[in-house]
Asker: 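Structure incoming, see below.
Remember, it's a predicted structure, so these values are computed and weren't measured experimentally. In this chain, numbering begins with 1 at the start of the sequence shown.
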Amino acid sequence: MDKRYYDSGALFAPRFKSENAPDFRGDIELSKELCAYIKHKSELGEDVKINIAIWSKQGKSGEYLSANIKQAWEKTNERKFTSDDSIPF
C-alpha cells in the first residue's frame with residue numbers, strides 16, 4: 001500500500017539537462033484542509049501566504065529535495081482553517 005504524504009512534495013534534478021531546463025522539478029500534494037484555507041483567504045480578497053520547508057536528501061537515484069508545505073503563521077488570533085468550518089454548529 002502506498003503511503004501518501006499530503007502538504008509535501010519532492011524536487012528532483014532532471015536526468016538530461018538542457019540550457020533552459022529548471023535545476024529541479026517536482027510535484028506537491030495539498031490536503032483538503034490546506035486547499036480550503038487557500039479558498040477561504042481568496043474569497044475574503046486576502047493574499048494567501050504559504051510556508052515551505054525544504055530538506056536535501058539522498059535517494060536511490062541521487063540527491064533530491066523534500067518539501068513540507070503549510071499555511072503561514074499569522075499575527076492575528078485566527079485559528080487554523082479546516083474543511084469542517086462549513087459545519088453550522
Asker: Check whether any side-chain heavy atom of Tyr37 sits under 4.5 Å from a side-chain heavy atom of Val48, and report yes or no.
Answerer: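 Tyr37 vs Val48: side chains touch.
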Asker: May I ask whether Ile52 and Ile50 are part of the same hydrophobic cluster, defined by side-chain heavy atoms of I, L, V, M, F, W, Y residues being less than 4.5 angstrom apart, directly or through others?
Answerer: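 Per the 4.5 Å side-chain linkage, Ile52 and Ile50 are co-clustered.
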Asker: In Å and rounded to the nearest 0.5 Å, what is the NE2 to CD distance from His40 to Gln71?
Answerer: 9.5 Å
Asker: With Leu30, which residues qualify under side-chain contact (heavy atoms from CB on, under 4.5 Å), at least two apart?
Answerer: Asp7, Ile28, Leu34, Cys35, Ile38, Ile69
Asker: Extract all donor-acceptor atom pairs below 3.5 Å that involve side chains of residues 54-64 and protein atoms in other chains or at least two apart in sequence.
Answerer:
residue	atom	partner	partner atom	Å
Ser56	OG	Glu63	OE2	2.5

Asker: Within the supplied structure, the quantity of interest is the number of heavy atoms (other residues, nucleotides, ligands) at a distance under 6.0 Å from Asn51 CG; does it exceed 12?
Answerer: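 More than 12 within 6.0 Å, yes.
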Asker: Return each pair, listed once, that meets salt bridge (charged side-chain N to carboxylate O under 4.0 Å, His left out) where at least one residue sits in residues 19-28; pairs must be two or more places apart or across chains.
Answerer: Lys17-Asp23
